Amino acid sequence: MSNVIIANNLTLCYESDEEIIKDATFAIKKGDFVFITGPSGSGKSTLLKSFYGNLQPKEGSLVIGGLDMVDIKKSKLQELRSHLGIVFQDYKLINEWTVEKNVVLPLWISGYSNEVQETQARRLLHHVKLSGKENKYPLELSGGEQQRVGVARALSKNPFLILADEPTGNLDDYSSNVIWDLMENACQQLDTTVVVVTHKIPSVFNIPYRHFTIDEKGSIYEVH
Amino acid sequence: MKFIKRHISLIFPLVAILLGIEFFIVFDRTTDTYEQSLQNGYTMLVVSKEEMSIDDFKSWDDHILQVAEVEKSKILDKINIDLKEAKSKSIQNSMPNFYSVKLDSYLNVKDLNSVKENLLKSKSITRVETFNSVYESKYQLFSFIKFSFQTFIVFMTIIGFFLIVKQMEVWNFLHSQRMKIMEIFGASLFLRSKVLINMAFIDALISAIVTNGIFLAIQNMWVRQSNMEILKDNVELIFSFKDIFILSIVAVVIVMVAVFLVVINVKEE
């Protein structure tokens with residue numbers, strides 16, 4: 001199987017020059033479900049940010065979906081991002097847009113027709129158990145519901161890679177289960193690669209997964 | 001209410017700027033006409049021992065536009081002395097030549113004196129009468145009005161720009177989160193700013209229409225009914241249809257620059 005993410009001696013740091021991730025080498029294959037865990041401040045979210053080009057590698061190389069992320073051009077990065085599904089702990093929904101419009105944001109960006117957008121929005125909102133809430137606004141929903149909208153948005157364009165940063169961090173069990181089910185299905189049925197940054201791997205998880213952990217020094221290990 | 005407030009906060013400063021620009025254009029046109037009328041009504045008198053052509057005059061100063069010889073007989077008529085024809089002829093022959101000289105623009109007093117000095121360099125010219133005091137008082141009044149009005153317009157435009165900068169901060173607050181999210185999902189710069197561009201474009205056109213409307217109203221409801229001859233005679237200068245395009249283009253350019261500055265300053269977190 002082909003590799004979706006390849007990191008070689010990857011070092012990440014912010015402007016302060018303090019190295020957050022040090023000399024990381026790993027590969028994630030197509031269809032892998034990966035959990036990345038580690039203590040607070042260890043650099044889990046930083047690593048995830050580098051996967052969608054929010055942070056440039058300081059040293060080493062990082063290849064996502066065949067694209068070298070070192071000094072990647074803006075147009076290439078936009079193209080890459082339009083094929084990713086990203087889920088944030090703070091949801092990052094557009095509050096002045098309806099739930100439906102939020103869900104189809106990736107399709108709208110890629111210029112899909114209104115019909116396709118509507119059909120996909122209905123289908124995904126049904127899957128995240130939010131049918132009938134198409135015309136609500138994010139702030140009219142609970143936290144769990146907002147995160148389910150975020151997951152529906154991440155899945156709307158059938159991305160080859162889903163990146164999730166603490167997707168169930170503050171959610172109730174019902175919403176958490178809905179989200180894990182959706183991600184499991186995407187991974188199993190659509191062969192989508194899923195990378196989830198979390199403090200704690202869910203106790204009940206129905207599909208095989210890989211587990212990476214980051215220690216306080218920023219080194220990454222795979223847990224077998 | 002929120003919607004109206006959001007639009008008014010851009011339309012208001014834009015209208016202030018456009019009013020400033022349109023006032024400037026109109027004032028410039030009106031003062032040009034007034035300046036032209038002052039210039040047309042002004043001549044200096046030059047006394048020369050010998051006959052001179054316009055080229056002779058121009059060789060001494062570039063500002064000379066027209067030269068007309070004042071007939072000596074008319075001067076004698078004005079003096080109103082009853083002379084016999086023979087005597088009159090002999091006086092006329094002994095009289096120097098008088099020229100009424102028009103200039104190409106309405107010069108300030110310093111330049112007017114410089115023209116006088118240049119002409120007096122000619123050995124033929126014995127005297128130049130510039131009618132300095134009348135000219136100066138008209139010129140000073142004209143300059144003062146022009147300066148006061150232009151200062152007011154500049155002040156109004158600066159305030160308008162400050163209000164737009166304030167509005168840019170509001171835009172940044174209202175739209176940056178959406179633009180950041182869209183950028184994460186791969187939206188181009190144009191898509192990210194589309195909402196802002198649409199809103200700003202509509203506001204720019206509304207502002208241009210409002211400003212044009214104000215000037216049309218001034219032209220039709222105030223100037224035509226006023227007693228100000230200079231304005232009534234030049235009523236078409238108050239508003240011309242090309243101003244609609246000038247103001248619309250200026251408004252659109254201002255808002256697009258403002259939108260561009262807001263959009264490029266939104267940085268991904």
Side-chain angles (χ1 to χ4, degrees), chain A residues 14-15 45-46 48-56 64-65 67 72-97 101-112 137-139 146 149-150 153-157 159 161-163 165, chain B residues 1-12 14 164 166-206 255-269:
Chain A
Y14 288 109
E15 281 164 12
S45 298
T46 304
L48 205 74
K49 279 182 175 181
S50 73
F51 292 166
Y52 62 88
N54 187 273
L55 190 66
Q56 282 278 310
I64 309 287
L67 282 175
I72 188 170
K73 281 186 180 170
K74 204 110 188 149
S75 57
K76 288 270 178 205
L77 186 61
Q78 280 174 3
E79 175 68 17
L80 171 71
R81 285 177 174 186
S82 71
H83 290 100
L84 299 179
I86 311 173
V87 182
F88 299 93
Q89 187 176 13
D90 60 353
Y91 327 129
K92 291 207 190 304
L93 299 177
I94 298 172
N95 292 329
E96 60 271 26
W97 285 11
K101 212 170 165 195
N102 268 286
V103 169
V104 297
L105 173 67
L107 297 173
W108 180 74
I109 288 170
S110 298
Y112 281 80
Y137 288 88
L139 295 179
Q146 287 188 53
V149 174
R153 176 180 63 187
L155 294 168
S156 68
K157 223 186 124 187
L161 172 64
I162 293 174
L163 304 169
D165 189 2
Chain B
M1 195 63 195
K2 214 174 167 184
F3 174 83
I4 294 169
K5 211 173 151 188
R6 206 175 275 182
H7 283 271
I8 291 287
S9 54
L10 176 63
I11 290 171
F12 181 74
L14 257 182
I164 287 198
K166 206 79 206 146
Q167 183 57 26
M168 284 164 66
E169 284 171 15
V170 174
W171 276 348
N172 190 50
F173 176 74
L174 288 174
H175 299 272
S176 63
Q177 189 62 16
R178 188 192 68 246
M179 288 194 276
K180 283 175 191 170
I181 292 168
M182 289 171 82
E183 189 174 7
I184 290 171
F185 285 91
S188 64
L189 187 76
F190 174 72
L191 267 184
R192 295 201 299 269
S193 46
K194 202 177 167 188
V195 175
L196 203 48
I197 288 173
N198 287 346
M199 192 182 80
F201 186 76
I202 291 167
D203 287 355
L205 292 185
I206 291 172
V255 295
M256 287 308 140
V257 169
V259 167
F260 181 72
L261 290 175
V262 170
V263 173
I264 60 162
N265 279 312
V266 173
K267 299 269 183 274
E268 202 179 314
E269 284 162 359

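These numbers were taken from a predicted model, which means no experiment stands behind them. Proteins come first, then strands; the chains are lettered A, B, ... in the order of their sequence lines, and each starts at number 1.
Residues A/L84 and B/I184 have side chains not in contact (no heavy-atom distance under 4.5 Å, counting atoms from C-beta outward). Taking the side chain as every heavy atom from C-beta outward, B/F185 and A/K157 never approach each other to under 4.5 Å.
Looking at A/E79, neither its backbone nor its side chain comes within 4.5 Å of chain B, counting heavy atoms on both sides. For chain B, the nearby parts of A/I94 are the backbone and the side chain; heavy atoms of each come within less than 4.5 Å. Using a 4.5 Å cut-off between heavy atoms, B/L174 touches chain A through its backbone atoms (N, CA, C, O) alone. Looking at A/K74, only its side chain comes within 4.5 Å of chain B, counting heavy atoms on both sides. In this structure, no portion of A/L77 lies under 4.5 Å from any heavy atom of chain B.
Counting heavy atoms of neighbouring residues, nucleotides and ligands inside a 6.0 Å radius, atom OH of A/Y14 exceeds 12 of them.
In this structure, CD on B/E183 lies 10.5 Å from CD1 on A/I109, to the nearest 0.5 angstrom. Atoms CZ and CD, on B/R192 and A/Q78 in that order, are 6.0 Å from each other to the nearest 0.5 Å. The structure places CD1 of B/I181 at 13.0 Å from OH of A/Y91, a figure rounded to the nearest 0.5 Å.
With respect to chain B, the highest number of heavy-atom pairs below 4.5 Å among A/L80, A/I86, A/L55 belongs to A/I86.
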